[in-house]
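In what follows, chains are A, B, ... by sequence order, proteins preceding strands, each numbered from 1. Because the structure is predicted, anything quoted here is derived from the model rather than measured.
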Protein chains: 2
Amino acid sequence: MQPWRFLRITAGDSRETLWRIVEAERLATAEAMPSRTAEFLKLKVEGIRDAAEVLVAALMPDREPHVFGRRTLPEMDLASVACAIQNMWLLARAEGIGLGWVSFFDPEAVAKHLAMPAGARPVAILCLGPVAEFPPAPLLETQGWGKRLPREEVLFEEVWPEGAGGTPTAY
Amino acid sequence: MQPWRFLRITAGDSRETLWRIVEAERLATAEAMPSRTAEFLKLKVEGIRDAAEVLVAALMPDREPHVFGRRTLPEMDLASVACAIQNMWLLARAEGIGLGWVSFFDPEAVAKHLAMPAGARPVAILCLGPVAEFPPAPLLETQGWGKRLPREEVLFEEVWPEGAGGTPTAY
């Protein structure tokens with residue numbers, strides 16, 4: 001489908017604006033989690049000012065007519081770009097390069113900053129480049145925000161078992 | 001995040017029902033493309049009755065509280081499962097196994113058929129297994145439905161260029 005575009009951000013002042021948009025949402029997120037605000041603020045959630053490359057991925061406006069298969073599931077364009085980003089992520093990792101997918105931002109603020117046309121929707125700020133180390137497990141796991149679910153909780157046989165609605169973690 | 005669940009469908013009658021749901025949408029899609037109906041109907045869009053494994057991927061209900069980073073971009077749960085499916089896809093391909101992501105279906109019909117709780121949303125029917133051959137290029141490309149865009153059309157520098165809204169293909 002390719003119903004998406006990537007924008008490469010190299011100018012320092014543009015990165016600074018992106019960083020400010022992310023920082024505003026990071027603080028708003030922290031405020032929305034009163035029980036774990038301080039812990040949350042210690043997490044690294046972006047590397048916009050430091051990364052070798054910063055890319056913004058956005059869904060296109062007027063994308064519906066592009067390819068079929070979206071009549072009943074219009075969100076398949078997001079699935080498509082997520083697959084593209086995952087390919088990039090795995091390739092980067094195979095080359096010893098880090099990638100972070102930043103999703104803490106007001107999409108309208110990012111769209112306006114990057115002159116996107118009406119209807120385009122930014123869905124990722126990607127921070128890509130050499131990193132000091134790769135942690136042995138996801139940060140959210142080592143820092144107690146969640147853990148990998150056992151297979152029997154995520155893979156069902158034939159139908160959805162009664163009562164398996166999931167148990168959201170409370171903050 | 002893992003805000004998703006996979007359902008493994010092995011029972012013949014259940015697969016038959018899934019196939020009927022997909023077939024209904026395939027015909028509805030064909031009708032919605034009057035200029036290329038016949039061509040469309042020749043495309044292989046599913047392998048539900050033949051595949052070694054059929055998996056349905058669904059987003060969970062009550063998923064918002066799971067992990068942060070979804071305040072302004074609630075659709076990140078779909079991005080998450082799309083990354084998981086892409087990993088599965090690449091692994092299958094590396095093992096010489098085919099995977100098809102079927103998105104021609106009414107999500108409510110699939111949810112009901114598989115006893116999903118209210119709020120869960122199926123986003124993929126995955127057909128996985130040995131295949132006779134891997135085509136040298138995507139079918140949509142070889143059969144004239146679209147083609148890979150050149151890099152300069154999908155990667156912009158700094159801002160979205162004026163007028164680069166995309167040129168949807170008309171059917």
Heavy-atom pair of closest approach, residues [X] and [Y]:
X	Y	result
B:A82	A:A82	CB-CB, 3.6 Å
A:K147	B:Q2	O-OE1, 4.0 Å
A:L73	B:P122	CD2-O, 3.8 Å
B:W160	A:A115	CB-O, 3.5 Å
A:V123	B:E75	CG1-OE2, 4.2 Å
A:R5	B:E153	NE-O, 2.9 Å

Against chain A, label [X] side chain, backbone, both or neither, depending on which of its atoms sit under 4.5 Å from a heavy atom there.
X	value
B:R26	neither
B:L90	side chain
B:A32	side chain

Residue [X] excluded, over 12 heavy atoms near [atom1] under 6.0 Å:
X	atom1	result
A:E162	CD	no
B:E31	CD	no
A:E108	CD	no

Toward chain B, the part of A:A111 with a non-hydrogen atom under 4.5 Å: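 For A:A111, neither part sits under 4.5 Å from chain B.
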Under 4.5 Å heavy-atom distance to chain B, tell me which part of A:L55 shows up: side chain, backbone, both or neither.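 Looking at A:L55, just its side chain touches chain B.
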Flag yes if [X] and [Y] sit in one hydrophobic cluster, no otherwise; membership is Ile, Leu, Val, Met, Phe, Trp, Tyr, and two members link when side-chain heavy atoms are under 4.5 Å apart.
X	Y	answer
B:V54	A:V159	no
B:L139	B:F104	no
A:L91	B:L91	no
A:V131	A:W19	no
B:V56	B:F6	yes

Among the listed options [options], the residue most often paired with chain B at heavy-atom distances under 4.5 Å:
options	answer
A:Q86, A:H113, A:M116	A:Q86
A:V102, A:N87, A:D106	A:N87
A:A79, A:C83, A:P138	A:C83

Once you round to the nearest 0.5 Å, how far does [atom1] of [X] lie from [atom2] of [Y]?
X	Y	atom1	atom2	result
A:F156	B:L7	CZ	CG	6.5 Å
A:L78	B:M76	CG	CE	5.5 Å
A:T10	B:E157	OG1	CD	6.0 Å

Do the side chains of A:V154 and B:W4 get nearer than 4.5 Å, heavy atoms only?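 Side chain of B:W4 against side chain of A:V154, heavy atoms only: contact under 4.5 Å found.
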Give a yes or no on whether the backbone of B:A11 and the side-chain of A:E158 come within a donor-acceptor separation of less than 3.5 Å.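 Yes; at least one donor-acceptor contact below 3.5 Å.
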